[in-house]
Amino acid sequence: MAIEDIGPRLGHALITLGDWTGAEEVIRRLPAGDAGTALLRSELAFVRGDFEGARDAARAALEDPGVDRVRALHRVADIELYLGDFAEARRRAEQAREAAAGAAVPIALLCALLGAAAYFSDDLDGAEATYREGLELLAALPDDERDVLVEMVLKGNLANVALTRGDVTGAAALHAEVLKKRREVADARGALHSMHGLALCRLRAGDLPAARELLEQTDQLAAGLGETLERAKVAQTRGLIALEEGDNERAYELIRGALGSFETSRCLYDITHAQVALSRAAAATGREREAVELAAAARATTATRGFDLLRRLHPEVVFSVADRVAGALTAYACGDALGLPYETYPPEGPSGATAEQIETVHARDGWDLGSTSDDTALTLLVARHLVDTGGEGSAETFLDLLGEHAPDIRGLGPSTTEAVRLFAETGRIGQDRAGNTNGAAMRAFPAGWAVGIGDRERRQRLVIELSRPTHRAPDAVVAACVLAECAAWAVEGASRALLLEVAAEAAAQATVTLAATPSVMTAINEVITGVWAVPDHGPSMEPGETVGAVLHSVHTAPSLRAGLLTAIGLGGDADTVAAMTGGLLGAGFSREEVLSRLPYANRLRLPSAEETRRLADRLVALRNARLGSWNP
């Protein structure tokens, strides 16, 4: 029999047995331009972790009219699944299923793939149903027509579902059954996966010695096969064990090495999972900034790619940033409404009101009880503007929108009022350095919510553009850049100490860019060193005084509730300081959690839950579109 006839089947068998060198020799002897050869080359590249090479070869095979389309489409779908494009994986798998025309074994294998896409998307019921569908197709066949390898793939995947649901005993039993069968048929790569699955079961059961032993065996087998991807997964699991045992530095090094391997293979789900794990290890070793950056990247990718299983597995890391933005916006409005009766202009010192008196909620003269001021109105307006412009922002468009809504906004400051008047009369934005107040800073939070933590330059450009209509004084814009920076980091879970760190960096950069005075930087440094003191008249609308008051309130308060009381207790521009304090401290919670922590919240006239959610979802979609846009 000619090599062209037996080569593809022989090569596939050698790959299954783990003899990749033998498979490579078979490929070398086959016709280079043949579709079957391309598929075999794709399969070998795949098991070696070269997913891009595997995809290129499979796509080339798919172009050949004589190719086995079911096999080729399945090959492409499997690769897309590993690369993290679940939508494309499903599309190709459904095409293959149609092309299979009812053939049970190919469809059963496709059920394994479609079930995996559902599983990693956290549709556990859908995944289980799809796996069982595949097993039922195989069970209906005569014994000599069943494919034991496909059956073991389906059962191994069912074991993963069971473990995820917390059925450790059931998962371990299934993995053990599958491992036994895979060893009987010499499925080396399949055995590798089963051994790792069993190790995870032992880990979940708390049997660390058994888990370590299985991981050692798995690693040895993976090394013998040259299976770099599985070795990286083993390293990550070992890192998680070290983390559980408190060996945090070792955990960090193991998981960081695993992440490097995943990045080489460009396997996006594994990259994202490793970022989550490394974030935990970085936090445990005191590398908070790295932990926040890694978690932010993982959350963005999870949201844009639908890796929702990670939310279930690591809810403390993969939380909803949109929930946090909704909480920040709600707490901002709460601080504004609670502080409004205590705002003084010209500024005066603390009112002397007790916490009980402040939280009773009083109406300011001429205002309805619980009203918010222009602070909340303008922050909402900026948020809507960013959503409507796709996050780009335009000074002229924003000022036009502001002019349209200005008659309905009470309490507009002098700089904003004058800018609206000038634009209405001339269609121009002023060119002077007017507006040296906190008006730009108090509406800068949406720029922080719409732009991720890794893009400070873009965020500062956006803040400068949206400040330009009303506040062109350099110090005012520096203050706005600082508060937008803090808003960006707060919703990603940054500690108060880290917020001060990034505030100082943003102030230094913006001060140079705008040729501003060092007043904002000085205020931040005073808070960092613990020497900041409230002015005798209370915080005025001067940018440096406002930034100092906000960061002092955030840094010293033990809770959101206490932070608002601290901010209002400083006197002066109490509503603005309390609003921004709330916007930072509330970023650690959802809207519902914020409301539950403030017993007076039901007496405040807050933005509706529907509008808050809509703006939060769309602002975070803008944020994630850039932060989670990497495409292998």
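Throughout, numbering of the chain's residues begins at 1 and tracks the sequence. Everything numeric here is computed off the predicted structure, so don't read it as measured data.
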- Note on the structure: Tightest non-hydrogen contact, residues T272 and A298, listed as CG2-O, 3.6 Å
- Task: Run the salt-bridge test on R614 and D617 with the 4.0 Å N-O cut-off and return the result as yes or no.
- Result: no
- Electrostatic pair E88-R55, nearest N-O below 4.0 angstrom: no
- Query: Does the side-chain contact (heavy atoms from CB on, under 4.5 Å) test come out yes or no for L10 and L14, once each step is laid out?
  - Reply: CA-CA 6 Å; L10 175 60; L14 290 170; 4.1 Å; yes
- Item | Contact summary for L259 and A274, nearest pair of heavy atoms | CD1-CB, 3.8 Å
- Task: Check whether any side-chain heavy atom of I241 sits under 4.5 Å from a side-chain heavy atom of L215, and report yes or no.
- Result: yes
- Would you call Y119 and N160 a side-chain contact if the rule is heavy atoms closer than 4.5 Å? yes
- Set of residues satisfying salt bridge (Lys or Arg N to Asp or Glu O under 4.0 Å) with respect to E184, sequence neighbours excluded: K180, K181
- Query: For V451 and A488, which heavy atoms make the closest approach, and how far apart are they?
  - Reply: O-CB, 3.8 Å
- Item | CZ on R189 to CG on L149, rounded to 0.5 Å | 12.0 Å
- Query: Which atom names give the shortest non-hydrogen contact between T218 and M195, and what distance separates them?
  - Reply: OG1-CB, 3.3 Å
- Message: Closer than 3.5 angstrom, by distance alone: can the side chain of R305 be matched with the main-chain N or O of G84 as a donor-acceptor pair?
- Response: yes
- Query: Where do V153 and N157 land on the side-chain contact (heavy atoms from CB on, under 4.5 Å) test, with the steps shown first?
  - Reply: CA-CA 6 Å; V153 169; N157 288 354; 4.0 Å; yes
- Task: Salt-bridge test for E80 and R59: reply yes if a basic N is under 4.0 Å from a carboxylate O, no otherwise.
- Result: yes
- Separation of L254 CG from E249 CD (nearest 0.5 Å): 11.5 Å
- Please examine the side chains of E492 and V321, heavy atoms only from C-beta on, and report whether any two atoms are closer than 4.5 Å. yes
- Spacing of L135 atom CG and T130 atom OG1 [to the nearest 0.5 Å]: 11.0 Å
- Just how far is it from atom CG of L221 to atom CG of L225, taken to the nearest 0.5 Å? 4.5 Å
- Just grab all the side chain to side chain donor-acceptor pair (under 3.5 Å) pairs involving residues 194-205, residues at least two apart or on different chains. R182-S194, H196-E230, H196-T237
- Is it true that a side-chain atom of R311 and a backbone atom of R299 form a donor plus acceptor pair closer than 3.5 Å? no
- Item | SG-CG distance between C267 and L83, expressed to the nearest 0.5 angstrom | 6.5 Å
- Are L229 and F51 side-chain neighbours, meaning at least one heavy-atom pair lies under 4.5 Å? yes
- Residue set satisfying salt bridge (Lys or Arg N to Asp or Glu O under 4.0 Å) with R90, at least two apart, ordered chain then number -> none
- Message: Can a donor-acceptor pair be found, under 3.5 Å and without considering hydrogens, that links the side chain of S265 to the backbone of F262?
- Response: yes
- Item | Rounded distance (nearest 0.5 Å) linking atom CZ of R250 with atom CG of L243 | 12.0 Å
- Task: Please name the pair of heavy atoms, one in L114 and one in A93, separated by the smallest distance, quoted to 0.1 Å.
- Result: CD2-CB, 3.6 Å
- Task: Flag the pair R28 and E24 as a salt bridge only when some basic side-chain nitrogen lies within less than 4.0 angstrom of an acidic carboxylate oxygen.
- Result: no
- Item | Sidechain N-carboxylate O distance under 4.0 Å for E151, R146 | no
- Query: Do the charged groups of E253 and R238 touch, with an N to O distance under 4.0 Å?
  - Reply: no
- So, R92 side chain and V76 main chain: donor-acceptor pair closer than 3.5 Å or not? no
- Query: Would V491 and R623 count as a side-chain contact (heavy atoms from CB on, under 4.5 Å) if you check the C-alpha gap in whole Å, the side-chain angles of each, and the deciding distance to 0.1 Å?
  - Reply: CA-CA 12 Å; V491 295; R623 179 189 192 92; 3.7 Å; yes
- Between A295 and V317, which heavy-atom pair has the shortest distance, and what is it? CB-CG1, 3.7 Å
- Task: Give a yes or no on whether E244 atom CD has more than 12 heavy-atom contacts from other residues, nucleotides or ligands under 6.0 Å away.
- Result: no
- If the plane angle is over 60° it's perpendicular, under 30° parallel, otherwise tilted; pick one for Y269 and F307. perpendicular
- Task: Indicate yes or no: does D219 engage K233 in a salt bridge with an N to O separation below 4.0 Å.
- Result: no
- Taking everything shown except R69 itself, do over 12 heavy atoms lie less than 6.0 Å from its CZ? no
- Determine yes or no for a side-chain-to-main-chain donor-acceptor pair under 3.5 angstrom, with S279 supplying the side chain and Q275 the backbone. no
- Message: Any salt bridge linking D125 with R165? Criterion: basic side-chain nitrogen under 4.0 Å from a carboxylate oxygen.
- Response: yes
- Message: With a 6.0 Å cut-off (strictly less than), is the heavy-atom count around CD of Q220, excluding the residue itself, greater than 12?
- Response: yes
- Message: Is the shortest side-chain heavy-atom distance between F319 and R324 below 4.5 Å?
- Response: yes
- Message: Between E485 and L499, is there a side-chain heavy-atom distance shorter than 4.5 Å?
- Response: no
- Within the side chain of H314, is there an N or O that forms a donor-acceptor pair under 3.5 Å with the backbone of H273? no
- Mind checking whether E501 and E288 have side chains closer than 4.5 Å, heavy atoms only? no
- Query: Is any side-chain N of the basic residue among R287 and E293 closer than 4.0 Å to the acidic one's carboxylate O?
  - Reply: no
- Message: Taking the side chain as everything from C-beta on, heavy atoms only, tell me whether H175 gets closer than 4.5 Å to L163.
- Response: no
- Go through the steps for E457 and Q509 under the test side-chain contact (heavy atoms from CB on, under 4.5 Å), then give the verdict. CA-CA 9 Å; E457 289 188 3; Q509 184 171 331; 3.6 Å; yes
